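As the structure is a prediction and not an experimental result, all values here were calculated from the model. Read the numbers this way: they start at 1 and go in the same order the structure lists the ligands and their atoms.
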Amino acid sequence: MTRKIAIFDTTLRDGEQSPGASMNTQEKLIVARELVRMGVDVIEAGFPISSPGDFKSVAAIARAVDDGAVVCALTRAVDTDIDTAAEALAGARRPRIHTGLGVSPSHLHEKLRMSEDECLERAVACVRRARRHVDDVEFYAEDAGRSDQEFLVRIVQAVVDAGATVVNIPDTTGYLLPWAYGARFADLLERVDGIEDVTLACHTHDDLGMATASALEAVRCGATQVECTVNGIGERAGNSSLEEVVMAIRMHGPEVDAHTDIDPHELTRASRLVSSITGIGVPPNKAVVGANAFAHSSGIHQDGVLKARDTYEIIDPAVVGADRTKLVLTARSGHAALRHRYAELGLVFPEGEFDQIYQAFLEVADKKKEVYDEDLESIASEFERSVAAIWKLKAVQISCGFPLTPTATVTLVDEDGNTTTACAYGTGPIDAAYEAVNGIVQLDYDLDEFSIKSATRGVDALGEVTLRIANASGEVFTGRGSDNDIIVASTKAYLNAINRLLTAEREDSGE
Ligand code: KIV
Ligand code: ZN
């Protein structure tokens, strides 16, 4: 059996320190409940001395969370902070006080203005004070990543002796390379007496984009608790992200001798919840929970995942509660992906027809970044309309604007393959195009109704035109056309109605 790694979630404390991420008590309670559902071991609920609002949130979470998770509150190495944290945690079934101070030369000399001995004394005093309130006390050696390792060993030994149950070795500034960070854990495990009886925590920040890698290396080297946040939100570049750490441990457990008790099915839900509450969006390419984490755009990749999902996916989206694998249809998509998506929409085309559909798809895809299902439906119905066409549109060109007279040049092809071009002007560009069509088909119809709507999404959406024309005896025929260009869509719709009218007249006359 691999080692159980405790997941300490600090979304509500370090995560909330992200600019703009502040949450009210109600919102924090919602996130805390999701964290419990997911199975986190420790919830760092806040920093009670920092504001009355934070005190209230910690107290509310302490009361709301059952004994499934530890509820933790942060303090500085200051007596009133510790007493206030204890007060806020009074209702918790499993309270923990997280206290500590900076241990690196810059923290000692610039921020705290203390000697190493004074720092060590304060550390011991605050652990003892916290232990008077609760049995579970975590000590953090802030900026341990840039501390002198000899001093780190000394202070960790002192707090373990003073009764700390958890020792946290944060790389506060995300400075260390993963292997250097891991080496600090290996060294502490070797040199601190009694360290095997405490939980050894890693806490990493993403300033060099290595927070998750460093956390994993710390685990490999002996850490038994990972501190992280949902979506990796946190100070500056953020903390290590919970979903990345959990999935990396899940996929490489034996290599790092580790497992967690997190239910991965909750990862996507938690990510969306935190994003919607904080207003901090998840980058589309974010590992595990990004919108594109299971989206495939290139034809080669799409073909691969259709044959076997794991060709290009190491995580089954269902395992992290994500939507199923998504094939993004673009100009790079191949026949396989298009055929697959049409089949999902319930449309199957014979081989000969499919090639034409694919060409029509490429034309749309060349003009749009992404082709949506609505586009595909429009392409399919456009195709069905063109199959029965007597007149087909080959080209339409418009010249219009203020103060020009709208003029259209239209080229049509008849069923025998003959091409005819006509020019006309009109009251507007669509009227001009219709006049040019009338000039070619040598018929004139009354236009009954005309409407344009956006058939798909986005500014590059397909426009869909629906119109009705009536023949001399008052019979009405509907025409539809779609295209990114509304003049083209309008001309196609007009021709579609004319073709229907001509077909009906032929049927009536027994042709
Ligand atoms: O990054 C850090 O050092 C911290 C401590 C307060 C634990 O967040
Ligand atoms: Zn931090």
In terms of atom number and element, which parts of ligand 1 are under 4.0 angstrom from non-hydrogen atoms of H205?
1 (O)

Do N168 and H98 meet the criterion of a side-chain donor-acceptor pair at a distance under 3.5 Å?
yes

Between S57 and T25, a side-chain donor and acceptor under 3.5 Å:
yes

Pairwise side-chain contact, F151 with I155, heavy-atom cut-off 4.5 Å (strictly under)
yes

Report, as a single number, the protein N, O or S atoms less than 2.8 Å from the Zn ion (ligand 2).
3

Quick check on contacts: which atoms of ligand 1 are under 4.0 angstrom from a heavy atom of N168?
7 (C)

For atom 6 (C) of ligand 1, the option (of H203, R13, H107) bearing the nearest heavy atom
R13

Proximal ligand 1 atoms for E142, defined as those under 4.0 Å from one of its heavy atoms:
3 (O)

Stepwise, does the side chain to side chain donor-acceptor pair (under 3.5 Å) test hold for T212 with S240?
CA-CA 5 Å; T212 299; S240 58; 5.5 Å; no

Output yes when the distance from some N or O of ligand 1 to some N or O of D143 is under 3.5 Å, and no in every other case.
no

State, without any angle test, whether S271 and N231 hold a side-chain donor-acceptor pair at a distance under 3.5 Å.
yes

Between the side chains of D81 and T75, is a donor N or O closer than 3.5 angstrom to an acceptor N or O?
no

Numbered in order shown, the ligand 1 atoms found under 4.0 Å of a heavy atom of P170 are 2 (C), 3 (O)

Counting only heavy atoms not in Y175 (residues, nucleotides, ligands), do more than 12 fall under 6.0 Å from its OH?
no

For E227, which part has a heavy atom under 4.0 Å from ligand 1: side chain, backbone, both, or neither?
neither

For P95 and V70, which heavy atoms make the closest approach, and how far apart are they?
C-CG1, 4.4 Å

Under a plain distance cut-off of 3.5 Å, with no hydrogens placed, do E313 and H296 share a side-chain donor-acceptor pair?
yes

Could you see which bit of T172 sits under 4.0 Å from ligand 1, with heavy atoms only: side chain, backbone, both or neither?
both

Side chain proximity check, K56 to K28, heavy atoms < 4.5 angstrom:
no

